[in-house]
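To start, the structure under review is shown below, and the notes come after it.
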Amino acid sequence: MVEGLLKMGFEVAILHRGSHEVTFSQTVEHLHGDPHFEETLATALGDRKFDLVVGMYGRLRHVAQVLKSHTQRFIAVGGLPYRALVEGDRDPEGVPVPLPETAPLFQDEERNRFTFLMALSERVVMEAHEQGHYRATIMRFPLIYGPRQLAPPEWSIIRRILDGRKQLMVPDGGLRLERRGYAENMARAIMLAAEQPEVSGGQIYNVADETILSLRDWIDTIAKALGHQWELVSLPFWLARPSRPYAGRSHHRVLDISKVVAHLGYTDAVPTREAIRRTVEWYVEHRPQPGDEVEKQ
């Protein structure tokens with residue numbers, strides 16, 4: 001995303017806590033501060049003003065409040081606060097396929113505070129937009145894959161292949177569908193929103209890769225990238241507990257991305273199967289150490 005903004009001609013500053021430093025193709029200013037609290041974020045920003053802020057880190061509800069006095073354009077990147085994705089089969093309306101932006105959001109703080117706060121944060125952003133503090137866009141991202149992810153489910157599959165496993169457990173035949181997002185593709189969506197503020201202002205978009213793969217397709221594509229053959233052993237979801245880190249939940253997770261396609265002209269920068277191949281190559285070249293933080297995640 002930073003590289004994309006640089007190519008668009010922006011002078012870019014990134015704000016982070018300073019635990020990890022990253023270099024880019026051009027000069028990028030680093031602001032160090034904690035975006036999880038209004039006080040520490042306000043201190044880090046001082047009296048700075050920005051033409052555009054992309055919020056991807058920290059507590060969005062606090063970021064949204066502080067930025068009222070720092071920018072006139074805010075693109076907020078968050079997750080999926082949909083009730084159906086929390087309730088799954090318990091939801092009386094089931095899990096829509098595909099899942100549109102208008103689907104009911106999760107509202108029960110006692111049952112799942114994290115998703116409740118996700119929905120609350122979106123309300124804070126849109127209230128600031130309606131009050132005229134800045135022109136806001138919210139982008140709901142799926143599970144992201146690609147280099148440098150914090151908890152990459154692909155590594156759970158790649159590691160087993162590198163260890164020479166001949167079988168892999170998959171729940172319910174690996175038929176669950178999920179629309180994921182390659183990092184470079186998701187960055188492209190942000191660029192499109194940044195380029196079209198009149199269109200994207202005040203809007204909420206589901207964003208994900210155009211191609212939808214089943215879990216079995218996902219695993220097969222990873223194995224093919226490594227020239228590996230194995231037997232996929234199907235077990236009922238309730239029994240296949242060791243597969244949870246790479247298989248996820250039992251219900252489909254298919255976002256409806258027709259709105260971002262129609263409004264902003266979104267298309268994948270990198271086709272899904274090629275994106276998976278690039279992801280596999282990166283993790284083979286940058287292998288997490290057994291038992292390190294990546295594997296713990």
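Values in this document were obtained by computation on a predicted structure and should not be read as measured data.
Arg140 and Tyr82 form a side-chain donor-acceptor contact under 3.5 Å, judged by distance and modelled atom types alone.
Pro81 and Thr115 get closest at one heavy-atom pair: CA-CG2, 3.7 Å. Taking both residues in full, the closest heavy atoms of Ile212 and Glu178 are given as CG2-O, 4.1 Å, listed atom of the first, atom of the second, then distance. Minimum heavy-atom separation, Pro142 to Ala208: CG-CB, 3.8 Å. The two residues Gln196 and His263 make their nearest non-hydrogen contact at OE1-O, 3.8 Å. In terms of heavy atoms, Ile257 sits closest to Asn206 at CG2-O, 3.9 Å. Shortest non-hydrogen contact noted between Pro245 and Pro153 is O-CB, 3.4 Å.
In the displayed structure, Asp51 atom CG is contacted under 6.0 Å by at most 12 heavy atoms of other residues, nucleotides or ligands. No more than 12 heavy atoms of other residues, nucleotides or ligands lie within 6.0 Å of CD in Gln72, so this atom counts as exposed by the packing criterion. Within a 6.0 Å sphere centred on NE2 of His20, other residues, nucleotides and ligands contribute 12 heavy atoms or fewer. Around the CZ atom of Phe24, the shell of radius 6.0 Å holds more than 12 heavy atoms that belong to other residues, nucleotides or ligands.
A heavy-atom distance below 4.5 Å is not found between the side chains of Leu80 and Leu99. Looking only at side-chain heavy atoms (C-beta outward), Val199 and Pro197 stay at 4.5 Å or farther from each other. By the 4.5 Å heavy-atom criterion applied to side chains, Val170 and Ser243 are not counted as neighbours. Side chains of Val95 and Leu85 form a contact here, defined as non-hydrogen atoms less than 4.5 Å apart. In this structure, the side chains of Tyr266 and Lys259 stay at 4.5 Å or more apart for every pair of heavy atoms. Side-chain atoms of Leu175 and Ser214, non-hydrogen and from C-beta on, never get closer than 4.5 Å to each other.
The CH2 atom of Trp155 sits 5.0 Å away from the CG atom of Leu162 when rounded to the nearest 0.5 Å. Note that CD1 of Ile158 is 11.5 Å distant from CZ of Arg160, once rounded to the nearest 0.5 Å. Interatomic distance, CZ of Phe116 versus OG of Ser121, reported as 9.5 Å (0.5 Å rounding). Here the CD-CE distance, from Gln203 to Met139, works out to 10.5 Å after rounding to the nearest 0.5 Å.
Val22 and Val12 end up in the same hydrophobic cluster when Ile, Leu, Val, Met, Phe, Trp and Tyr side chains are linked at under 4.5 Å. Under a hydrophobic-cluster definition in which Ile, Leu, Val, Met, Phe, Trp and Tyr are linked whenever side-chain heavy atoms come within less than 4.5 Å, directly or via other members, Leu52 and Tyr57 are assigned to different clusters. Taking hydrophobic clusters as Ile, Leu, Val, Met, Phe, Trp and Tyr residues chained together by side-chain heavy-atom distances below 4.5 Å, Leu213 shares a cluster with Tyr246. Under a hydrophobic-cluster definition in which Ile, Leu, Val, Met, Phe, Trp and Tyr are linked whenever side-chain heavy atoms come within less than 4.5 Å, directly or via other members, Ile219 and Val284 are assigned to the same cluster. The cluster map of Ile, Leu, Val, Met, Phe, Trp and Tyr, joined by side-chain heavy atoms under 4.5 Å apart, puts Val28 and Ile75 in the same cluster.
A search for side-chain hydrogen bond (donor to acceptor under 3.5 Å, both in side chains) contacts involving Thr43 returns nothing, not counting sequence neighbours. Partners of Arg73 by salt bridge (charged side-chain N to carboxylate O under 4.0 Å, His left out), not counting sequence neighbours: none found. Residues passing the salt bridge (charged side-chain N to carboxylate O under 4.0 Å, His left out) test with Arg111, sequence neighbours excluded: Glu87. Among residues two or more places apart in sequence or in another chain, the salt bridge (charged side-chain N to carboxylate O under 4.0 Å, His left out) test is passed with Glu154 by Arg180. Taking the salt bridge (charged side-chain N to carboxylate O under 4.0 Å, His left out) definition, one finds that Arg113 meets it with Glu109, sequence neighbours left out.
A centroid separation of less than 6.0 Å is found between the aromatic rings of Tyr182 and Tyr145.
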Quick one: do Glu93 and Arg83 satisfy side-chain contact (heavy atoms from CB on, under 4.5 Å)? Show the steps, please.
-> CA-CA 10 Å; Glu93 299 180 17; Arg83 185 185 70 196; 3.5 Å; yes

Applying side-chain contact (heavy atoms from CB on, under 4.5 Å), run through Trp282 and Arg148 and close with a yes or a no.
-> CA-CA 9 Å; Trp282 192 90; Arg148 297 179 294 275; 3.5 Å; yes

I would like to know whether Leu143 and Arg253 meet side-chain contact (heavy atoms from CB on, under 4.5 Å); could you show each step before the answer?
-> CA-CA 10 Å; Leu143 184 68; Arg253 296 173 66 90; over 6 Å; no

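Between the Arg159 side chain and the Arg287 main chain, no donor and acceptor come within less than 3.5 Å of each other. Here the side chain of Gln149 pairs a donor or acceptor atom with the backbone of Pro147 at under 3.5 angstrom. Judged purely by atom type and a 3.5 angstrom limit, Asn185 uses its side chain to pair as donor or acceptor with the backbone of Ala269. Remark: side-chain polar atoms of Tyr283 are paired, donor with acceptor, to backbone N or O of Gly146 under 3.5 angstrom. No side-chain donor-acceptor contact under 3.5 Å links Arg59 to the backbone of Leu117. A donor-acceptor pair under 3.5 Å is absent between the side-chain atoms of His133 and the main chain of Ala128, judged by distance alone. Judged by distance alone, with hydrogens and angles left aside, the side-chain atoms of Gln297 form no donor-acceptor pair with the main-chain N or O of Leu150 at under 3.5 Å. Thr137 places a side-chain N or O within donor-acceptor distance of the main-chain N or O of Ser200, the cut-off being under 3.5 Å. Arg176 places no side-chain N or O within 3.5 Å of a backbone atom of Leu215 that could act as its donor or acceptor partner. Put simply, the side chain of Glu38 never gets that close to the backbone of His62: no donor and acceptor are under 3.5 Å apart.
Hydrophobic cluster membership for Phe37: none, as no Ile, Leu, Val, Met, Phe, Trp or Tyr side chain comes under 4.5 Å of it. In the hydrophobic clustering, where aliphatic and aromatic side chains (Ile, Leu, Val, Met, Phe, Trp, Tyr) are joined below 4.5 Å either directly or transitively, Val66 groups with Leu15, Leu31, Leu41, Leu45, Phe50, Val53, Leu60, Val63, Leu67, Phe74, Val125, Met126, Tyr134, Ile138, Ile204.
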Atom pairs and distances, side-chain donor-acceptor, residues 188-195, under 3.5 Å, sequence neighbours left out:
unit_1: Arg188; atom_1: NE; unit_2: Thr267; atom_2: O; d: 2.7
unit_1: Arg188; atom_1: NH2; unit_2: Thr267; atom_2: OG1; d: 3.3

Check residues 224-241 and write down every donor-acceptor pair under 3.5 Å in which the side-chain atom is one partner and the other belongs to a residue at least two apart or another chain.
unit_1: His228; atom_1: NE2; unit_2: Arg165; atom_2: O; d: 2.9
unit_1: Glu231; atom_1: OE1; unit_2: Gln167; atom_2: NE2; d: 2.8
unit_1: Ser234; atom_1: OG; unit_2: Gly173; atom_2: N; d: 2.8

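Note on residues 262-278: pairs passing salt bridge (charged side-chain N to carboxylate O under 4.0 Å, His left out), not counting sequence neighbours, are Glu184-Arg278, Glu274-Arg277, Glu274-Arg278, Arg277-Glu281. Listed by first then second residue, pairs satisfying salt bridge (charged side-chain N to carboxylate O under 4.0 Å, His left out) with a partner in residues 199-214 number zero, not counting sequence neighbours. Residue pairs meeting the side-chain hydrogen bond (donor to acceptor under 3.5 Å, both in side chains) criterion with at least one partner in residues 23-37, sequence neighbours excluded, are Glu3-Ser25, His16-His30, Glu21-His30, Glu21-His32, Glu29-Arg48, Asp34-His36.
The pair Arg216-Asp220 does not count as a salt bridge, with every side-chain nitrogen at least 4.0 angstrom from each carboxylate oxygen.
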